[in-house]
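Structure, as structure tokens:
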Amino acid sequence: MNLKTTNPALYYLQRLAFYLLVLVIALYLLAPFFWAVLTSLRSAGDLFLTPAEFIAAPTTFNNYVQVFGNPNFQRGLLYSLIVAVGSVLVSLLLGSFAAYALGRFRFKGKAIVLYVILAVSVFPQIAVLGGLYTLIGNLGLYNNPLGLILSYLIFTIPFTVWVLTSFVRDIPAELEEAALVDGASPLQTLFLVLFPVMMPALVTTGLLAFINAWNEYLFALTFTSTNRTTPVVIANYSGATQFDQPWGPIMAASIVVTVPLIILVLVFQRNIVSGLTAGAVKG
Amino acid sequence: MTVQTTAPARPTRTRGIEAARARQAIWLLLPTLIAIALVAGYPLYRTFYFSLFEANLTSPEQRTFLGLGNFWFTTEDGIALGFLQDPKWWGAVKNTLLFTVVSVFLETVFGMIIALVVNSAFKGRALLRTAMLVPWAIPTVVSAQMWAYLYNDSFGLIGRGILGGQAVLANTDTAIWALVAVDVWKTTSFMALLILAGLQSLPGDMYEAADMDGASKWTQFWKLTLPLLRPALLVALVFRSLDALRVFDVMSVMLGNVNAAATSMTGYARQALIDNQLLGLGSAVSVAVFLIIMVIVVMYVTAFRVKFD
């Protein structure tokens, strides 16, 4: 049965084909990003070079200097951070209350609540865009990071509730019962007993919600005019004239907002996979 | 029988506790329910409401009732004003459906191949698994700009090199395939991750038994792996399809908002609603997008009996 001994030629041919496939996959996944990094390190004049000359051209950090000196980009980073962290904190707080109720309590209408929350996560954002626009206008939150934090709850809350509920269900009931017997209120139980156990889950969900909020484009484009988040700044990054696309600085800005995410994702690899599967399989 | 005699005392106590717990559960859920009502329920109601009116985004108070006029309305001079009479809307629907079907199909096939490769034992497996996460971690707008640059007809590796200076994004008919390629690159990782998680939960001894029986790898894949992977695969399919149907950012960044309106349903709706300030017409288009997506969700759930619990 062992191909290595019965037919070594075929075995090594198979191994070679397999590693070739691995190489093709790795190139496919990484080459576009590699090219963006390379472009961010080249001067504008070098863009006309052939690919081989382009790779060999001298490295410069001018694009990064230019990007960090751009007031729109500076503001974008600040607002992205405020909006993403704000919506993560709000949705984790509300989401863990809801997840505790849905994962540990029995009451009438629980299935309905779960399905309503699931239905909201299936919503196309465009279905609420007009209504949210007028609501944000009425609340005086247009062009205000708070308006974005509020509107982002539409996708961060259903997600956090679903993922945290599946985690809460897996927590052994004894923990909570012990707290109940000692006379702890539900909020005390949640904060003092369950939160420490839920920490990995909170980190995972928070991280995934952060990534979603950091990347959001449609609401950020619609509900702000000057206080833009980085995706909108990058999408509208313009040069001296309307038709001049400053690719070097655009790629540099792109790398700046991407690298923190890649580092976070690589550090929390395992959590992310478990969070994604819990989130996807359970809603 | 002895159990029955002691029974009456306990249920009342547990019922009391149950009732108290149910009340506490409502309080714990209340903030979330209020938030959802505020950011989803109320705006959705407003969208349905305004779809029946002629109204401007800047002054929604001044509105006139139109009934279904935003959807279908022909003036006495024969001018068609409803969006369902606009060929551009149907172009956007066609392009979105094409985009969804082709990109989700390719993502599933590529995702399956990548997941199977990463799931087998070889040197450098951990590295490939890490590389797999990179496209997924890149923000959509960034990946759209990256690819817009690659497709650029005078600078881009693809646009200048492979396509020989052809401006592929300038024409909606060719742009749609370029956009499919971008979406496939960006989200194949997500598919691969979910399929990989499914693969790793399959029992290994099953394959040993299949090997003993002399089943080829090919047969094992079709008869064992695929059927057992079905639940994980379906959930991934549903989520990817929904994301693709409501796509906006890739089109908006790579084509600009004007051409995005001809390429995606969301882009068409946003142009009417925000760029043209037509609250009534834009809401009507949003209702249509909402209904199309809901119908597809129901079709998926009933046809494949997808379970979410």
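Hydrogens, waters and symmetry mates play no part in the numbers below; they use all other heavy atoms, side chains included. Each chain gets a letter, A, B and so on, in the order its sequence line appears, and its residues count up from 1.
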Chain A contact via Val287(B) - side chain, backbone, both or neither, heavy atoms under 4.5 Å: neither
Determine the option with the most heavy-atom pairs under 4.5 angstrom with chain B, choosing from Leu180(A), Leu29(A), Val259(A), Asn215(A). Leu29(A)
Contact class of Leu264(A) relative to chain B, heavy atoms under 4.5 angstrom: neither
Shortest non-hydrogen pair, Met146(B) vs Ala36(A), comes out as CG-CB, 3.5 Å
Would a 4.5 Å heavy-atom cut-off, applied to side chains only, mark Leu150(B) and Pro32(A) as touching? yes
Heavy-atom distance under 4.5 Å to chain B: side chain of Leu21(A), backbone, both or neither? side chain
In the structure I gave you, are the side-chain heavy atoms of Pro51(A) and Leu157(B) within less than 4.5 Å of one another anywhere? yes
Quick check for you: to the nearest 0.5 Å, what is the distance between Leu94(A) atom CG and Leu29(B) atom CG? 11.0 Å
Please classify the contact of Leu129(A) with chain B as side chain, backbone, both or neither, using a heavy-atom distance under 4.5 Å. both
Are Phe107(A) and Gln24(B) packed together at the side-chain level, in the sense that at least one heavy-atom pair is separated by less than 4.5 angstrom? no
Using non-hydrogen atoms only, which part of Asp243(B) is less than 4.5 Å away from chain A: side chain, backbone, both, or neither? neither
Under a 4.5 Å heavy-atom cut-off, does chain B meet the side chain of Leu266(A), its backbone, both or neither? side chain
Tell me, for Val120(A) versus chain B, whether the close heavy atoms (under 4.5 Å) come from the side chain, the backbone, both or neither. side chain
Toward chain A, the part of Phe48(B) with a non-hydrogen atom under 4.5 Å: neither
Between chain B and each of Ala101(A), Ser185(A), Ala99(A), Pro124(A), count heavy-atom pairs under 4.5 Å; write down the option with the most. Pro124(A)
Side chain, backbone, both or neither: which part of Leu102(A) has a heavy atom under 4.5 Å from chain B? side chain
Examine whether an atom of Trp136(B) lies under 4.5 Å from a heavy atom of chain A, and if so say whether it belongs to the side chain, the backbone or both; otherwise answer neither. side chain
Structural part of Leu132(A) lying under 4.5 Å from a heavy atom of chain B: both
For chain A, which of Leu128(B), Leu193(B), Ile26(B) has the most heavy-atom pairs under 4.5 Å? Leu128(B)
Is the shortest heavy-atom distance from the side chain of Ile126(A) to the side chain of Arg270(B) under 4.5 Å? yes
Interchain contact, Val113(A) with chain B, by part (heavy-atom threshold 4.5 Å): side chain
Looking at OG1 of Thr222(A) and CZ of Phe248(B), how far apart are the two atoms once the value is rounded to the nearest 0.5 Å? 6.5 Å
My understanding is that only one of Thr258(A), Leu261(A), Leu30(A) makes a side-chain contact (heavy atoms from CB on, under 4.5 Å) with Val134(B); could you say which? Leu30(A)
Which atoms of Ile272(A) come close to chain B, meaning under 4.5 Å heavy atom to heavy atom: side chain ones, backbone ones, both, or neither? side chain
Could you check whether the rings of Tyr149(B) and Trp247(A) sit parallel, tilted or perpendicular, using 30° and 60° as the cut-offs? tilted
Which one wins on heavy-atom pair count under 4.5 Å against chain B: Phe18(A), Phe97(A), Tyr100(A), Phe105(A)? Phe105(A)
Given that the side chain runs from C-beta out, which part of Ile114(B) has a heavy atom under 4.5 Å from chain A: side chain, backbone, both or neither? both
At their closest point, which heavy atom of Leu273(B) faces which heavy atom of Gly130(A), and how far apart are they? CD2-N, 3.4 Å
Portion of Leu47(A) that has a non-hydrogen atom of chain B nearer than 4.5 angstrom: both
Mind ranking Leu221(A), Leu153(A), Asn236(A), Ile255(A) by heavy-atom pairs under 4.5 Å with chain B and telling me who comes out on top? Leu221(A)
If I measure from the heavy atoms of chain B, does Leu187(A) come under 4.5 Å with its side chain, its backbone, both, or neither? side chain
Which bit of Pro60(B) is near chain A, if near means a heavy-atom gap under 4.5 Å: side chain, backbone, both or neither? side chain
Contact origin within Ala269(B) toward chain A - heavy atom pairs under 4.5 Å: both
Do Val128(A) and Val39(B) come within less than 4.5 Å of each other through their side chains, counting heavy atoms only? no
With only heavy atoms counted, which part of Tyr42(B) is less than 4.5 Å from chain A, the side chain, the backbone, both or neither? side chain
When the 4.5 angstrom heavy-atom criterion is applied to Met254(B) and chain A, the contacting part is neither
Donor-acceptor under 3.5 Å (Arg160(B) side chain, Phe48(A) main chain): yes
If you round to the nearest 0.5 Å, how far is CG of Leu139(A) from CG of Leu38(B)? 7.0 Å
Counting heavy-atom pairs under 4.5 Å to chain A, which of Arg23(B), Lys123(B), Arg125(B) comes out on top? Lys123(B)
Does any heavy atom of chain A fall under 4.5 Å from the side chain of Ala288(B), the backbone, both, or neither of them? neither
Segment of Ser143(B) engaging chain A (4.5 angstrom heavy-atom cut-off): neither
Is it the side chain or the backbone of Asn257(B) that comes within 4.5 Å of chain A heavy atoms, both, or neither? side chain
Contact origin within Thr130(B) toward chain A - heavy atom pairs under 4.5 Å: both
Nearest-0.5 Å distance, OH of residue Tyr133(A) to OG1 of residue Thr47(B): 14.0 Å
Interface moiety of Thr50(A) toward chain B, non-hydrogen atoms closer than 4.5 Å: backbone
At a 4.5 Å cut-off on heavy atoms, which part of Pro186(A) comes close to chain B: side chain, backbone, both, or neither? side chain
Of all heavy-atom pairs between Ala235(A) and Val253(B), which one has the smallest distance, and what is that distance? CB-CG2, 3.8 Å
Is Thr58(B) close to chain A through its backbone or its side chain, or both, or neither, when contacts mean heavy atoms under 4.5 Å? neither
Given the options Glu216(A), Arg15(A), Gln269(A), Lys110(A), which has more heavy-atom pairs under 4.5 Å with chain B than any of the others? Gln269(A)
So, taking the atom named CG in Leu242(B) and the one named CZ in Phe123(A), what distance separates them when rounded to the nearest 0.5 Å? 12.5 Å
Flag the pair Val141(B) / Val257(A) as yes when at least one side-chain heavy-atom distance between them is below 4.5 Å, and no otherwise. no
Heavy-atom pairs under 4.5 Å with chain A - which of Ile293(B), Leu127(B), Leu133(B) has more of them than the others? Leu133(B)
Work out which heavy atom in Gln145(B) is nearest to a heavy atom in Met251(A); give both atom names and the distance. O-CE, 3.6 Å
So does Val122(A) get a backbone contact from the side chain of Arg246(B), meaning a donor-acceptor N/O pair under 3.5 Å? yes
Counting only heavy atoms closer than 4.5 Å, note whether Ile154(A) contacts chain B via side chain, backbone, both or neither. both
Spatial distance of atom OH (Tyr28(A)) from atom OG1 (Thr188(B)) [nearest 0.5 Å]: 4.5 Å
Check step by step if side-chain hydrogen bond (donor to acceptor under 3.5 Å, both in side chains) holds for Tyr217(A) and Ser252(B). CA-CA 10 Å; Tyr217(A) 180 67; Ser252(B) 166; 3.2 Å; yes
